[in-house]
Amino acid sequence: MAKKEDSRLPQAGDFQLKEGSVLDGTRKYSYFDLFRYSTRCERFLLVVSLLVATAASAFIPYFMIIYGEFTSLLVDRTVGVGTSSPAFALPMFGGGQQLTNASKEENNQAIIDDATAFGIGSLVGSVAMFLLITLAIDLANRIALNQIDRIRKLFLEAMLRQDIAWYDTSSGSNFASKMTEDLDKLKEGIGEKVVIVVFLIMTFVIGIVSAFVYGWKLTLVVLSCVPFIIAATSVVARLQGSLAEKELKSYSDAANVVEEVFSGIRTVFAFSGQEKEKERFGKLLIPAENTGRKKGLYSGMGNALSWLIIYLCMALAIWYGVTLILDERDLPDRVYTPAVLVIVLFAVIMGAQNLGFASPHVEAIAVATAAGQTLFNIIDRPSQVDPMDEKGNRPENTAGHIRFEGIRFRYPARPDVEILKGLTVDVLPGQTVAFVGASGCGKSTLIQLMQRFYDPEAGSVKLDGRDLRTLNVGWLRSQIGVVGQEPVLFATTIGENIRYGRPSATQADIEKAARAANCHDFITRLPKGYDTQVGEKGAQISGGQKQRIAIARALVRQPQVLLLDEATSALDPTSEKRVQSALELASQGPTTLVVAHRLSTITNADKIVFLKDGVVAEQGTHEELMERRGLYCELVNITQRKEATEADEGAVAGRPLQKSQNQSDEETDDDEEDEEEDEEPELQTSGSSRDSGFRASTRRKQ
Ligand SMILES: Nc1ncnc2c1ncn2[C@@H]1O[C@H](COP(=O)(O)OP(=O)(O)OP(=O)(O)O)[C@@H](O)[C@H]1O
Ligand SMILES: [Mg+2]
């Protein structure tokens, strides 16, 4: 549809302020709200499609009328009554001739004419109904698809706007599939289901009206049975629907297990979990089978019951109808002929049945409203930190002075634990500051606060004296290069993963960054070089390689602020040393915040900040802190002692201490290093005697 129309559509933001806060995600939407992203033209076309469906529904009583007229005339002409019953529909197709005292031959000819007319009438009716229903459903579905396309885009945009706090608290692991499911349900609810429901309801309405026109007394009697027919049909239809859904759900639960097993197939094999998984899968299939069995039984019984009721109603109606026919047999102006009996009976009963069939479709509309509720609540949710927002300052240049001032912070997902309790740290432009402390003390939290993934509860984070909250979020993040604790790569080529840091980067820039991150060599040794696919989540390359690519990605950005959260933790000493010197070089320009695994890598930092209990316990240079003989000094001593013990043990066992240094970085097993350090559960630090490390940039810069 035309672009112009799209621009008139309500946008996500339009609904936020007018309708109050939707932060808690509990805003209710009515069924008509589901059409909020439709254009006027689409709404008009939907009304047209409903009118077409109504026209199609008129054909159900029409079939009853020609059927009734035909059977009635058949009886008249066979018996050769004086005057045959009047007909309205059959004469349109050349039958239904009214005869008085006709000969046998005339009657026979009339029967043939009637039969032909009945055949043509049925054919015309069914073709017309087929065309009308197809048109109505197709039109409604096209309109719905247009809207769903729009909603899908807005929804994705809304997701990309949301703050991390929202992701922490709301999104489950299968969020994407739930979203697809919700969109599908919504599509049905605003598309074909509306048409089907209108069609079914209108067959009832038009059926009843035409029955009243033909004979109100009989209609009233047949109507008394209608509630039973509607109830029986709708119960059966709903039961079938809900049991089928349950069955499907059980199968999809079982399929989820399969998915989980295959995604963790290495772990399953490693722990010989095949039998266990087979059992788990088998157990999940049991409810599916049970539901399937129940579905067969219930729908058999339900169907039998509903037909029982229908035939009982027919018996009643035929008994009463025949009484009426006999009463009026000798009157000149007869209302009740066999035709009227057939028409009234079937028009009402079929209408009632259709009304019953409508009930699961009405339920689908209710489900669509619920799905719309979920989707629209996300679309309407104003994000606390919106990276696509145009608002906020974009200073022309950044010096890189960072200040954490009296920060108090707790994660929204765990509001009862205060992580930072009034922390203050000042980082001068170009400085390299290292954070150390026990695992879980809040080092990575600080890195996240710097990127404004969260806002502190009290206090502020400042860049060049400006509170981060006053800065444009997109701009702020464009100034920062990050290497995270668990680097994530995307399922594309190595080159593209590095380019993610700066979309405008040339191949030369990418290679330069890769060289700096000490990964150029291993990349070029791969058969496809920079075009090598890394697999989903980077599964096809090693942990250390992944980390180096992540470093290259941060470096290619040429950031003003560099955040390194254990950036070299997965590397062997040789690669670490090289990457470390690259990082050191890279950190000469930007202000750098480092969280380091190994104390040796930060001894030369301009400042070392020791975090404990949510505040700064000590800060200063390595030398200052060592002189103070406080917590940091103790930590260094522990790690030195540990190294010494390990060295002794190694010597006794005749183990080559520097084994990994003799190997090429590709062959080294990174995990060996990690395992050794994991023996120290509280303090994630080790060796202090290596010579690589961040050199005081105050010396370089000021
Ligand atoms: N998204 C989150 N939601 C709730 N709590 C969190 C979240 N992320 C971290 N935490 C908690 O906050 C505390 C600080 O976590 P943080 O990641 O900052 O620790 P850390 O100092 O980086 O530890 P490590 O050295 O092990 O990486 C931990 O107790 C952790 O359990
Ligand atoms: Mg961490």
Side-chain angles (χ1 to χ4, degrees), residues 162-173 175 383-385 402 404 407-425 433-459 461 480 482-488 543 546-547 550-551 554 562-571 576 583 592-602 605 607-619 631-632 635-636 638-639 642 670-671 673-687:
Q162 295 308 322
D163 36 279
I164 301 282
W166 179 82
Y167 278 96
D168 277 356
T169 46
S170 355
S171 60
S173 53
F175 203 74
S383 169
Q384 297 295 293
V385 185
I402 297 170
F404 294 94
I407 307 272
R408 300 189 88 89
F409 178 74
R410 54 186 91 215
Y411 279 99
R414 209 173 295 149
D416 42 342
V417 186
E418 192 168 40
I419 310 284
L420 300 174
K421 303 170 182 165
L423 171 139
T424 301
V425 176
V433 170
F435 293 92
V436 286
S439 173
C441 70
K443 304 181 293 289
S444 301
T445 306
L446 280 177
I447 300 278
Q448 301 201 61
L449 287 175
M450 187 61 226
Q451 298 171 73
R452 223 185 143 207
F453 283 171
Y454 304 93
D455 281 331
E457 225 168 70
V461 186
I480 299 177
V482 201
V483 182
Q485 195 163 3
E486 289 155 14
V488 173
K546 211 175 355 182
Q547 207 160 41
I551 293 172
L562 191 60
L563 307 177
L564 305 172
D565 193 352
E566 311 206 334
T568 56
S569 61
L571 302 185
E576 183 184 19
L583 284 178
T592 308
L593 306 187
V594 201
V595 176
H597 201 74
R598 291 172 211 178
L599 286 189
S600 64
T601 60
I602 52 156
K607 183 150 76 177
I608 294 168
V609 178
F610 195 106
L611 301 183
K612 192 164 188 254
D613 300 329
V615 289
V616 176
E618 288 176 3
Q619 57 178 318
L631 292 163
Y632 176 76
L635 182 63
V636 171
I638 289 174
T639 28
K642 189 182 145 203
D670 303 325
D671 295 343
E673 189 89 8
D674 286 348
E675 273 163 26
E676 281 169 17
E677 267 125 31
D678 286 347
E679 287 165 20
E680 185 77 50
E682 264 290 285
L683 301 165
Q684 289 207 339
T685 51
S686 88

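What's counted below: heavy atoms across the whole structure, side chains too, no hydrogens, waters or symmetry copies. Note that ligands are numbered from 1 as they come in the structure, with each ligand's atoms numbered from 1 the same way. The chain is numbered in sequence order, starting from 1.
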- Message: Checking the N or O distance criterion of under 3.5 Å, is ligand 1 in contact with Cys441?
- Response: yes
- Item | Contacting atoms of ligand 1, where contact means under 4.0 angstrom from a heavy atom of Thr445 | 14 (C), 15 (O), 16 (P), 18 (O)
- Message: Using the rule side chain to side chain contact (heavy atoms under 4.5 Å, CB included), only one of Val483, Thr592, Ile480 pairs with Leu562; which is it?
- Response: Thr592
- Hey, mind stepping through Tyr454 and Thr445 against side-chain hydrogen bond (donor to acceptor under 3.5 Å, both in side chains) and telling me if it holds? CA-CA 9 Å; Tyr454 304 93; Thr445 306; over 6 Å; no
- Can you tell me if Ser444 has an N, O or S atom under 2.8 Å away from the Mg ion (ligand 2)? yes
- Query: Looking at ligand 1, does any of its N/O atoms fall within less than 3.5 Å of an N/O of Gly440?
  - Reply: yes
- Message: What verdict does the side chain to side chain contact (heavy atoms under 4.5 Å, CB included) test give for Val436 and Leu611, after you've listed the backbone C-alpha separation in whole Å, the side-chain angles of each residue and the deciding distance to 0.1 Å?
- Response: CA-CA 6 Å; Val436 286; Leu611 301 183; over 6 Å; no
- Query: Between the main-chain N or O of Leu631 and the side-chain N or O of Glu618, is there a donor-acceptor pair closer than 3.5 Å?
  - Reply: yes
- Query: Which pair of non-hydrogen atoms, one from Gly614 and one from Leu423, has the smallest distance, and what is that distance?
  - Reply: O-CB, 3.8 Å
- Query: Taking non-hydrogen atoms only, is Tyr454 closer than 4.0 angstrom to ligand 1 via side chain, backbone, both or neither?
  - Reply: side chain
- So, does Arg410 use its side chain to make a donor-acceptor pair with the main chain of Pro415 at under 3.5 Å? yes
- Among Gly437, Gly614, Ser439, the residue with a heavy atom nearest to atom 26 (O) of ligand 1 is Ser439
- Message: Suppose I only count heavy atoms of Lys443 and a 4.0 Å limit; which atoms of ligand 1 are within that range?
- Response: 18 (O), 20 (P), 21 (O), 22 (O), 23 (O), 24 (P), 25 (O)
